[in-house]
Amino acid sequence: CSSQVESASGAFYDHNYNEWSTFNVPGWKTIGDAPAALLTRGNDTYLYMLGQSGDPNTKKQMAWSWTALRWESKGKQKGDPNEEEGWTLLQDGNLLTVDTNIKLGKKTPAELYDPNTDTWTPTATAQDVLVDQVHHEIGPAVVLASGHVLQIGASPCGDSGCRAHTGIYLPETATWIAGPDFPKADAYYDSADGPAALLINGRVLLQASPGYGFAPSRFFEFDEQSNSLSRVSEPASAPCVASFQGRMLELPSGQILWSSDNRDKRCQLDDVEVYTPKG
């Protein structure tokens with residue numbers, strides 16, 4: 001495919017019958033770079049919620065009803081559009097999202113979704129700017145073993161010329177504390193639309209690159225106990241890959257499977273590797 005084509009179509013996989021069934025979200029022309037989450041609390045009728053972001057100004061969300069077998073409108077009082085955001089499932093069943101479309105460069109507001117009330121409400125504002133105010137990008141968010149959320153930031157100035165930050169959300173007090181800033185290697189690194197994965201030793205593996213869309217990539221581990229980011233080894237094709245091109249999958253072994261959509265022929269194009277953490 002030579003160009004990107006977005007639609008409002010998707011598919012469900014039934015593992016009992018090893019079959020796929022396609023669907024279209026009613027009233028939507030596109031889904032886009034959409035946030036989504038499995039719901040674990042509230043009415044068990046709705047277990048999967050999807051946010052529309054093909055339209056950069058939309059706040060629409062739909063949830064799949066397993067009883068009516070249809071998509072239904074959900075998610076009241078969302079503070080800003082869904083574009084470029086992610087939804088993080090907390091241990092209490094609420095969803096956390098960091099707003100990527102309002103107050104950029106000044107604050108990093110966040111919201112919580114309560115499945116019981118079907119309502120979004122503002123929560124505390126992060127201490128540092130975590131959003132790329134030019135491209136509206138942000139890094140991944142990972143729920144730690146403590147129940148806290150590590151939110152990894154993109155470049156706060158929209159390019160590779162400034163230091164990126166991280167933040168840690170504490171659900172028990174609905175507050176943020178500052179996480180470690182990215183250490184400067186040969187450049188200022190950040191994680192714009194990049195991947196991350198929780199390791200079996202409680203740390204977080206993450207991929208970063210300088211600014212949005214630029215190689216090379218560097219890999220870091222976050223340690224909550226020391227509140228630190230430390231650089232670790234990287235795949236062979238990392239010199240040709242930006243953070244948004246990486247993918248991570250946690251394996252039952254405790255290892256992380258990494259791959260990318262690298263198109264740079266200077267590096268190995270079919271590079272798929274396994275990361276084995278200490279412990």
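This is a predicted model, so every value here is computed, not measured.
Residues Tyr169 and Leu96 have side chains in contact (heavy-atom distance under 4.5 Å, counting atoms from C-beta outward). Leu251 is not listed as a side-chain neighbour of Tyr275, based on a closest heavy-atom distance of 4.5 Å or more. Considering only heavy atoms from C-beta on, Ser155 comes within 4.5 Å of Cys162 through its side chain. With contacts defined as side-chain heavy-atom distances shorter than 4.5 Å, the pair Leu90/Leu112 qualifies. With a 4.5 Å cut-off on side-chain heavy atoms, Pro195 and Pro140 do not count as touching. Side-chain contact between Tyr13 and Asn18: present, with at least one pair of heavy atoms (C-beta onward) separated by less than 4.5 Å. Counting only heavy atoms from C-beta outward, the side chains of Lys184 and Tyr189 never approach each other to under 4.5 Å. The closest side-chain heavy-atom distance from Ile31 to Ser53 is not below 4.5 Å.
A distance-only check finds no donor-acceptor pair linking the side chain of Glu111 to the backbone of Thr123 [under 3.5 Å]. Distance alone, capped at 3.5 Å, places no donor-acceptor pair between the Ser217 side chain and the Ser209 backbone. Judged by distance alone, the side chain of Thr97 and the main-chain N or O of Gly86 form a donor-acceptor pair under 3.5 Å. Remark: the backbone N or O of Pro156 is paired with a side-chain donor or acceptor of Gln133 at under 3.5 angstrom. Judged purely by atom type and a 3.5 angstrom limit, Asp190 uses its side chain to pair as donor or acceptor with the backbone of Ala192. Gln52 contributes a side-chain N or O that, together with a main-chain N or O of Thr30, makes up a donor-acceptor pair within less than 3.5 Å. Of the possible polar contacts, one joining the Thr108 side chain to the Asp128 backbone as a donor-acceptor pair under 3.5 Å is found. Panel note: side chain Gln151, backbone Val149; no donor-acceptor pair is recorded below 3.5 Å. Formation of a donor-acceptor pair under 3.5 Å by the Asp114 side chain with backbone atoms of Thr119 is not found in this model. No donor-acceptor pair under 3.5 Å is formed between the side chain of Ser9 and the backbone N or O of Ser7.
Side-chain rings of Phe182 and Phe220 approach one another, their centers coming within less than 6.0 Å.
No more than 12 heavy atoms of other residues, nucleotides or ligands lie within 6.0 Å of OH in Tyr17, so this atom counts as exposed by the packing criterion. By the 6.0 Å contact criterion, CD on Gln225 is open, its count of non-hydrogen atoms from other residues, nucleotides or ligands being 12 or less. Other residues, nucleotides and ligands contribute only 12 or fewer heavy atoms inside 6.0 Å of the CZ atom of Arg70.
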Exercise for review: In sequence, state the C-alpha distance, the side-chain angles, and the governing distance for His148 and Glu172, and then conclude on side chain to side chain donor-acceptor pair (under 3.5 Å).
Suggested key: CA-CA 8 Å; His148 301 160; Glu172 65 271 24; 2.8 Å; yes
Check your understanding: Can Ile168 and Phe222 be said to form a side chain to side chain contact (heavy atoms under 4.5 Å, CB included), step by step?
Key -> CA-CA 11 Å; Ile168 302 172; Phe222 166 78; 3.8 Å; yes
Exercise for review: Dump the intermediate steps for side chain to side chain contact (heavy atoms under 4.5 Å, CB included) on Ile256 and Leu199, then the final yes or no.
Suggested key: CA-CA 8 Å; Ile256 305 299; Leu199 301 176; 3.6 Å; yes
Practice item. Check step by step if side chain to side chain donor-acceptor pair (under 3.5 Å) holds for Tyr212 and Asp193. Key: CA-CA 8 Å; Tyr212 177 67; Asp193 218 357; 5.0 Å; no
Exercise for review: Mind running side chain to side chain donor-acceptor pair (under 3.5 Å) on Gln255 and Thr276 for me, showing each step along the way?
Suggested key: CA-CA 5 Å; Gln255 297 167 301; Thr276 303; 2.8 Å; yes
Practice item. Mind running side chain to side chain contact (heavy atoms under 4.5 Å, CB included) on Ile138 and Val98 for me, showing each step along the way? Key: CA-CA 9 Å; Ile138 193 170; Val98 173; 3.6 Å; yes
**Study point:** Check against ring pair (Phe, Tyr, Trp, His ring centres under 6.0 Å), Phe12 and Trp64
**Key:** CA-CA 11 Å; Phe12 287 118; Trp64 178 255; 4.9 Å; yes
Check your understanding: Stepwise, does the side chain to side chain contact (heavy atoms under 4.5 Å, CB included) test hold for Asp223 with Val204?
Key -> CA-CA 7 Å; Asp223 184 348; Val204 175; over 6 Å; no
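Put simply, Val129 and Ile177 are part of two different groups of oily side chains (I, L, V, M, F, W, Y) that touch within less than 4.5 Å, one to the next. Residues Leu249 and Leu38 do not share a hydrophobic cluster, clusters being chains of Ile/Leu/Val/Met/Phe/Trp/Tyr side chains in contact below 4.5 Å. Transitive grouping of hydrophobic side chains (ILVMFWY, heavy atoms separated by less than 4.5 Å) keeps Met248 and Ile200 in distinct clusters. Transitive grouping of hydrophobic side chains (ILVMFWY, heavy atoms separated by less than 4.5 Å) brings Tyr48 and Phe23 into a common cluster. Leu198 and Leu257 are members of different hydrophobic clusters when ILVMFWY side chains are connected at heavy-atom separations under 4.5 Å.
One finds a salt bridge joining Glu85 and Lys78 here, because a Lys/Arg side-chain nitrogen approaches an Asp/Glu carboxylate oxygen to under 4.0 Å.
Ala196 approaches Ile152 most closely through the heavy-atom pair CB-CD1, 4.0 Å. In plain terms, the two heavy atoms of Gly213 and Phe244 that are nearest each other are CA-CE2, 3.6 Å. Of all heavy-atom pairs between Asn201 and Lys278, the closest is ND2-O, 2.7 Å. Among all heavy-atom pairs drawn from Pro239 and Ala215, the shortest one is O-CB, 3.4 Å.
Side chains of Glu83 and His136: no donor on one and acceptor on the other come within 3.5 Å. For Ser230 and Glu221, the side-chain atoms include no donor-acceptor pair closer than 3.5 Å. A side-chain donor from one of Asp271 and Ser237 sits under 3.5 Å from a side-chain acceptor of the other.
Atom OG of residue Ser65 and atom CH2 of residue Trp71 lie 11.0 Å apart, to the nearest 0.5 angstrom. Interatomic distance, Tyr113 OH to Leu95 CG, rounded to the nearest 0.5 Å: 7.5 Å. The line from OH of Tyr188 to CG of Asp181 is 10.0 Å long, rounded to the nearest 0.5 Å. Between the CG atom of Asp99 and the CG atom of Asp80 there is a distance of 3.5 Å, given to the nearest 0.5 Å. Rounding to the nearest 0.5 angstrom, the gap separating the CG atom in Leu104 from the CG atom in Leu130 is 11.5 Å. Summarising the geometry, atom CE belonging to Met62 is positioned 6.0 Å from atom CH2 belonging to Trp28; distances are rounded to the nearest 0.5 Å.
Trp87 and Trp120 have tilted rings, their planes meeting at an angle from 30° to 60° on a 0 to 90° scale.
Judged as a salt bridge (Lys or Arg N to Asp or Glu O under 4.0 Å), and not counting sequence neighbours, the contacts of Asp186 are Arg218.
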